Amino acid sequence: MDKLGEVSQATLTLFGLSITYNPITFLMTWVVILFILVSAVAARRKMSLVPGFLQSIFELIYDFLKDITLGTLGDEDGRKHLPFIISLFVFILCANWIGILPNIFAMFGTLLGVVFSFFDSSIIVTFNSLIDISLSIPENRWFSFLFDLPAFEEPTRSVNMDLALGLLVFAAVQAYGVKNKGFWGYLKSYYNDPFPMKGWMAMFFFLNPFFYLNLIGAVANVVSHSFRLFGNIFGGGMIIVIVSSLLKFFIVPVGLFAFFGIFAGLVQAFVFTMLAVTYIQQQQ
């Protein structure tokens, strides 16, 4: 609670330039990537007609996103973009969920401490109030490690990560628009909306105020796309941290984990991904 709102910073000097970054976000991003890679390889090595646990999860995600993507973009374009859409969804989902692990472990550690205190006099539990619990556990107890786990933080709680994801989607969408429509057709989509400029008038598209408004709208999509994810994940994470600390990871946080951690993380990953599909559709 004392460090709530603090942002870790480190400085890296590269080619004479000082780059400031968040080491926790950097580390957690690679943890998420490695987790996804290991899970995918493990599922791939044990593929069978009767799917196991990991294979079932990946197949469920694939089938769900395939139906939506192909239904929105059509069969041909949908299949082209499906790997990108699935990768985006899986990464954001895992990034949203990783931050709940230390809180869940601490909650189970508290429950174990309360139970074992009836049989072990060295474990001291003090009920300061109905929901305020003080717990003293010797370090040699086998479950004490549950309180010593590193502070996992959702990479998507960092606005820099969310903005990077938004820019990634923006770049992919614009590249697809140029490839699909050609450069001139892509440019027309900005100055022909809402009032088309035909014939010789198209040469003076830069005089059309709607051209600049449409450009601003495209940039605004990046900002809204990114900050929607950031606001929901950061706000949900703060609520979990505050209430979990006040209640000593006991009773009520179980519902908070279920809603803000699991449910909200899933919903935000889905919303971000579906907006990416919508932006791609606009370039068809």
Side-chain angles (χ1 to χ4, degrees), residues 29 32-33 36-37 39-40 57-97 154-156 158-197 202 205 208 210-233 263-284:
T29 300
V32 171
I33 293 173
I36 295 173
L37 288 175
S39 300
I57 292 177
F58 279 105
E59 287 184 359
L60 178 65
I61 294 173
Y62 175 82
D63 291 337
F64 176 67
L65 293 178
K66 177 184 175 182
D67 291 340
I68 295 177
T69 304
L70 269 62
T72 304
L73 303 179
D75 190 72
E76 183 178 355
D77 283 344
R79 292 186 182 278
K80 291 179 181 178
H81 292 95
L82 188 58
F84 174 67
I85 296 302
I86 293 177
S87 300
L88 192 66
F89 175 80
V90 171
F91 174 79
I92 296 175
L93 180 64
C94 293
N96 289 348
W97 279 358
E154 302 92 333
T156 46
S158 169
V159 67
N160 295 322
M161 171 59 70
D162 300 330
L163 188 58
L165 291 170
L167 289 172
L168 173 65
V169 171
F170 176 79
V173 169
Q174 306 315 310
Y176 169 69
V178 173
K179 180 180 178 181
N180 188 48
K181 301 177 180 179
F183 179 75
W184 191 249
Y186 169 77
L187 195 61
K188 284 183 179 179
S189 65
Y190 285 96
Y191 69 73
N192 271 348
D193 183 21
F195 303 111
M197 297 181 67
F205 69 89
N208 185 352
F210 290 101
F211 171 72
Y212 300 99
L213 290 176
N214 289 330
L215 286 178
I216 294 173
V219 175
N221 285 339
V222 178
V223 177
S224 64
H225 202 189
S226 304
F227 276 79
R228 180 184 290 105
L229 178 62
F230 166 71
N232 284 281
I233 299 304
F263 179 72
L266 175 62
V267 169
Q268 294 308 315
F270 175 75
V271 170
F272 191 95
T273 306
M274 289 303 99
L275 283 173
V277 174
T278 301
Y279 295 150
I280 294 173
Q281 184 190 33
Q282 292 174 354
Q283 296 298 332
Q284 288 184 319

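This one's a predicted model, so the numbers in the text were calculated from it and none came from an experiment. This chain uses plain numbering: 1 for the first residue, then up along the sequence.
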Reported [atom1]-to-[atom2] distance for the pair [X] and [Y], which is rounded to 0.5 angstrom:
{"X": "Asp162", "Y": "Arg228", "atom1": "CG", "atom2": "CZ", "result": "11.5 Å"}
{"X": "Ile92", "Y": "Ser87", "atom1": "CD1", "atom2": "OG", "result": "11.0 Å"}
{"X": "Ser224", "Y": "Leu275", "atom1": "OG", "atom2": "CG", "result": "7.5 Å"}
{"X": "Lys80", "Y": "Asn180", "atom1": "NZ", "atom2": "CG", "result": "7.5 Å"}
{"X": "Thr29", "Y": "Ile33", "atom1": "OG1", "atom2": "CD1", "result": "6.5 Å"}
{"X": "Tyr212", "Y": "Leu215", "atom1": "OH", "atom2": "CG", "result": "8.0 Å"}

**Study point:** salt bridge (charged side-chain N to carboxylate O under 4.0 Å, His left out) against Lys179, all qualifying residues, sequence neighbours excluded
**Key:**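 Per chain and number, Lys179 pairs via salt bridge (charged side-chain N to carboxylate O under 4.0 Å, His left out) with no residue.
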Review point. Which residues pass the salt bridge (charged side-chain N to carboxylate O under 4.0 Å, His left out) test with Asp75, sequence neighbours left out?
Key: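 Once residues adjacent in sequence are excluded, the partners of Asp75 under the salt bridge (charged side-chain N to carboxylate O under 4.0 Å, His left out) criterion are Arg79.
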Quiz: residues 66-73 side-chain donor-acceptor pairs under 3.5 angstrom, not counting sequence neighbours:
from, atom 1, to, atom 2, distance (Å)
Thr69, OG1, Leu65, O, 2.7
Thr72, OG1, Ile68, O, 2.8

If you take all heavy atoms of [X] and [Y], which pair is closest and at what distance?
{"X": "Phe272", "Y": "His225", "answer": "O-NE2, 3.0 Å"}
{"X": "Gly265", "Y": "Asn96", "answer": "O-ND2, 3.0 Å"}
{"X": "Ala95", "Y": "Pro155", "answer": "O-CD, 3.4 Å"}
{"X": "Ile280", "Y": "Tyr176", "answer": "O-CE2, 3.5 Å"}
{"X": "Gly166", "Y": "Ser226", "answer": "CA-OG, 3.6 Å"}
{"X": "Ala276", "Y": "Leu88", "answer": "CB-CD2, 3.9 Å"}

Check your understanding: Tell me, which pairs form a side-chain hydrogen bond (donor to acceptor under 3.5 Å, both in side chains) where one or both residues lie in residues 265-280, sequence neighbours left out?
Key -> Asn232-Gln268
Check your understanding: What pairs of residues pass the side-chain hydrogen bond (donor to acceptor under 3.5 Å, both in side chains) test when at least one of them lies in residues 165-174, not counting sequence neighbours?
Key -> Gln174-Tyr186, Gln174-Tyr190
Exercise for review: With side chain to side chain contact (heavy atoms under 4.5 Å, CB included) as the test, would you mind laying out the steps for Asn221 and Phe170 before giving the verdict?
Suggested key: CA-CA 8 Å; Asn221 285 339; Phe170 176 79; over 6 Å; no
Exercise for review: Decide side chain to side chain contact (heavy atoms under 4.5 Å, CB included) for Leu165 and Val169; before the verdict, give the C-alpha distance in whole Å, the side-chain angles of both, and the deciding distance to 0.1 Å.
Suggested key: CA-CA 6 Å; Leu165 291 170; Val169 171; 5.7 Å; no
Exercise for review: Given side chain to side chain contact (heavy atoms under 4.5 Å, CB included), test Thr156 with Trp97 step by step and report yes or no.
Suggested key: CA-CA 10 Å; Thr156 46; Trp97 279 358; over 6 Å; no
Practice item. Could you tell me which residues satisfy ring-ring contact (aromatic ring centres under 6.0 Å, His included) with Phe64, sequence neighbours excluded, listed by chain and number? Key: Phe270
